[in-house]
**Q** 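Dropping the structure in here first, questions after.
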Amino acid sequence: MAPSLTETVAQTAEDITNGVASLKLKPGETQAPKEDGPSYPLYFPYFDASEKFPPTEIFEFSDPGLRADPKLPHVLAEGVRRQDLSPYIGTELKNIQLSELSKEGLDEIALFVAQRKLVVLRDQDFKDLSPERQIEIARHFGPIQRHPTSGNVKGFPEFHIVYRDANNDRFREYIGGDRANLTSWHSDVSYEKQTPGTTLFWILDQPELGGDTIFASQVEAYNRLSTEFKKRLEGLRALHSAVPQAEHSRKRGGPVRREPVETEHPLVRQHPVTGEKALYVNQGFTKHIVGFRTEESEYLLKFLFDHIAKGADFQVRARYEPGTLVLWDNRLTVHSATPDYSNAERRHAVRLTPQAEVPIPA
């Protein structure tokens with residue numbers, strides 16, 4: 001049985017892994033990798049406590065999936081091998097290169113990711129492209145979020161770096177050694193006014209076994225609820241907060257590149273392309289249901305977090321191989337890292353996080 005989410009920490013596993021716990025960094029300083037360091041040292045996490053971003057402004061957004069040919073002639077072209085991972089979420093594709101797709105093909109990717117929630121692409125050359133080209137492709141899906149606290153790449157603040165090795169284990173340091181499980185379900189940076197949509201994540205170094213990411217469909221989590229309960233959820237709003245994340249980084253001497261925001265979002269949102277309704281709460285950043293008393297909010301959020309965590313029949317694991325690139329729709333899913341591998345092994349990955357529309361209430 002999946003663990004109760006109310007017993008997991010508020011900070012996401014991916015963000016803590018990238019944190020600056022126990023580091024006191026000078027402006028522009030980063031930890032130097034060892035001689036046996038990462039295969040892609042350009043992407044070693046860079047922290048500059050003096051780096052500052054202005055507040056994020058609202059921008060116009062039209063989902064590229066709206067332009068896509070629904071027959072998906074580029075994504076599901078002849079020769080592409082498709083394997084669905086579950087009825088509700090997840091598809092693996094082989095014999096397709098994201099980097100070679102036209103604009104029309106990228107539009108189809110946006111639609112297909114929205115339909116399947118999670119798409120795992122194998123044997124990609126994406127990790128070997130230049131940072132400029134990686135950013136160019138990701139920007140097709142929306143303006144890229146610049147993370148306020150995590151490690152990035154010097155000169156390229158669009159990158160969010162996930163890193164852990166024998167000398168860097170921020171997540172375990174943060175939560176302590178007395179935890180029964182390390183599951184931490186979240187939707188990335190859901191505190192933003194315009195939350196992420198189609199998201200890209202690729203592995204540079206990986207453990208021999210373990211280090212998967214678990215994904216859950218927030219659409220199916222919503223669909224499982226009774227009609228009467230859905231009626232009570234629709235119209236409610238919840239507060240998503242970046243404050244704990246920023247306070248953690250500031251306490252460790254790390255960057256807070258812009259002041260943390262707190263944003264109200266609908267508890268149930270509607271996707272602009274598929275029209276599907278999805279729960280939009282997550283244990284990492286959702287703090288309170290607007291208009292509820294504290295006990296009422298805690299009770300309802302506990303139920304929803306536990307409902308999502310226990311939904312093994314609408315969850316899948318994304319397993320990484322060399323050349324794996326994963327895309328998911330952050331509007332329709334939650335996910336959790338699985339730090340189930342040896343502390344001596346390295347896991348190094350990169351995320352680009354295009355932002356989408358202001359959430360549409362269901």
Side-chain angles (χ1 to χ4, degrees), residues 14 18 38-46 48 51 53-54 56-69 72-77 80 93 95-114 118-148 150-163 188-189 192 194-204 257 272-273 320 322-331 348-357:
E14 298 286 14
N18 296 308
S39 301
Y40 291 78
L42 172 67
Y43 297 93
F44 195 81
Y46 173 79
D48 182 354
E51 187 175 32
F53 301 153
T56 301
E57 300 291 337
I58 295 294
F59 55 86
E60 292 187 8
F61 177 78
S62 178
D63 196 292
L66 292 169
R67 303 188 296 261
D69 183 338
L72 306 175
H74 298 84
V75 170
L76 300 181
V80 174
L93 296 180
N95 299 336
I96 181 174
Q97 280 292 341
L98 186 75
S99 64
E100 297 176 0
L101 290 177
S102 63
K103 292 182 179 180
E104 292 76 15
L106 293 176
D107 289 345
E108 292 175 23
I109 282 286
L111 174 58
F112 192 56
V113 171
L118 164 72
V119 175
V120 180
L121 302 180
R122 301 295 188 191
D123 305 316
Q124 299 295 296
D125 61 7
F126 200 84
K127 62 184 174 59
D128 295 310
L129 303 178
S130 69
E132 292 87 353
R133 177 60 176 148
Q134 292 167 341
I135 291 170
E136 179 186 15
I137 293 172
R139 278 185 177 151
H140 185 86
F141 305 108
I144 300 173
Q145 193 254 7
R146 298 184 297 174
H147 201 284
S150 73
N152 58 27
V153 173
K154 188 174 183 179
F156 298 98
E158 297 89 347
F159 290 102
H160 169 91
I161 305 301
V162 176
Y163 190 86
D188 294 317
V189 297
E192 297 286 13
Q194 288 179 260
T195 60
T198 307
T199 303
L200 299 84
F201 184 87
W202 63 99
I203 291 288
L204 303 176
R257 300 180 181 99
V273 179
Y320 299 104
T324 294
L325 172 66
V326 172
L327 301 99
W328 67 89
D329 196 318
N330 253 308
R331 296 165 289 190
H348 190 191
V350 185
R351 191 182 80 208
L352 285 171
T353 317
Q355 291 176 252
E357 75 281 356

**Q** Enter the distance from Gln124:CD to Thr324:OG1 here, rounded to the nearest 0.5 Å.
**A**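 OG1 of Thr324 is found 8.5 Å from CD of Gln124.
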**Q** Which atom names give the shortest non-hydrogen contact between Phe61 and Phe141, and what distance separates them?
**A** CE1-O, 3.4 Å
**Q** To the nearest 0.5 Å, what is the distance between CD1 (Ile144) and CG (Leu352)?
**A** 5.0 Å
**Q** Measuring only between side-chain heavy atoms, which start at C-beta, is Glu192 closer than 4.5 Å to Gln355?
**A** yes
**Q** Report the distance from atom NZ of Lys127 to atom NE2 of His348, rounding to the nearest 0.5 Å.
**A**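 Rounded to the nearest 0.5 Å, the NZ-NE2 separation comes out at 12.5 Å.
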**Q** Of the options Lys103, His74, Arg67, which is the one that meets Glu108 in a side chain to side chain donor-acceptor pair (under 3.5 Å)?
**A** His74
**Q** Flag the pair Val162 / Arg351 as yes when at least one side-chain heavy-atom distance between them is below 4.5 Å, and no otherwise.
**A**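 No, every pair of side-chain atoms sits at 4.5 Å or beyond.
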**Q** Measuring from Leu106:CG to Leu111:CG, what's the distance to the nearest 0.5 Å?
**A**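 Here the rounded value is 12.5 Å.
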**Q** From Leu204 CG over to Trp202 CH2, what is the distance, rounded to the nearest 0.5 angstrom?
**A** 8.0 Å
**Q** Give me the atom names and distance for the closest heavy-atom approach of His140 to Pro64.
**A**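 His140 and Pro64 have their closest heavy atoms at O-CG, 3.7 Å.
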**Q** What's the spacing between Thr199 OG1 and Asn330 CG if we round to 0.5 Å?
**A** 4.0 Å
**Q** Are Pro148 and Phe53 close enough that some pair of their side-chain heavy atoms sits under 4.5 Å apart?
**A** no
**Q** Are any side-chain N or O atoms of Glu357 and backbone N or O atoms of Asp63, one a donor and one an acceptor, separated by less than 3.5 Å?
**A**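 No, because the side chain of Glu357 does not come within donor-acceptor range (under 3.5 Å) of the backbone of Asp63.
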**Q** List the steps and the verdict of side-chain contact (heavy atoms from CB on, under 4.5 Å) for Gln145 and Asp188.
**A** CA-CA 10 Å; Gln145 193 254 7; Asp188 294 317; over 6 Å; no
**Q** Search all heavy atoms of Leu42 against all heavy atoms of Val153 and return the closest pair with its distance.
**A**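 Looks like O-CG1, 3.6 Å.
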**Q** Going by heavy atoms in the side chains, are Glu51 and Asn152 under 4.5 Å from each other?
**A**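 When only atoms from C-beta onward are counted, Asn152 and Glu51 do touch, with a gap below 4.5 Å.
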**Q** What is the minimum heavy-atom distance between Pro354 and Ala138, and which atoms define it?
**A**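 For Pro354 and Ala138, the tightest heavy-atom pair comes out as CG-O, 3.3 Å.
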**Q** Is the number of heavy atoms from other residues, nucleotides or ligands within 6.0 Å of CD (Glu132) greater than 12?
**A** yes
**Q** Listed by chain and number, what are the side chain to side chain contact (heavy atoms under 4.5 Å, CB included) partners of Leu129, not counting sequence neighbours?
**A**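 Per chain and number, Leu129 pairs via side chain to side chain contact (heavy atoms under 4.5 Å, CB included) with Ser99, Asp125, Phe126, Arg133, Gln134, Ile137.
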**Q** How far apart are the closest heavy atoms of Ile96 and Val75, and which atoms are they?
**A** CD1-O, 3.7 Å
**Q** Search all heavy atoms of Gly151 against all heavy atoms of Pro45 and return the closest pair with its distance.
**A**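 Residues Gly151 and Pro45, closest heavy atoms: CA-CB, 4.0 Å.
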**Q** Stepwise, does the side-chain contact (heavy atoms from CB on, under 4.5 Å) test hold for Leu327 with Phe112?
**A** CA-CA 10 Å; Leu327 301 99; Phe112 192 56; over 6 Å; no
**Q** Before you tell me yes or no, could you show the steps for Leu98 and Leu200 under side-chain contact (heavy atoms from CB on, under 4.5 Å), namely the whole-Å CA-CA distance, both residues' side-chain angles and the distance that decides it to 0.1 Å?
**A** CA-CA 11 Å; Leu98 186 75; Leu200 299 84; 3.9 Å; yes
**Q** Applying the ring-ring contact (aromatic ring centres under 6.0 Å, His included) test to Tyr163, which of Tyr46, Tyr43, Phe44 qualifies?
**A** Phe44
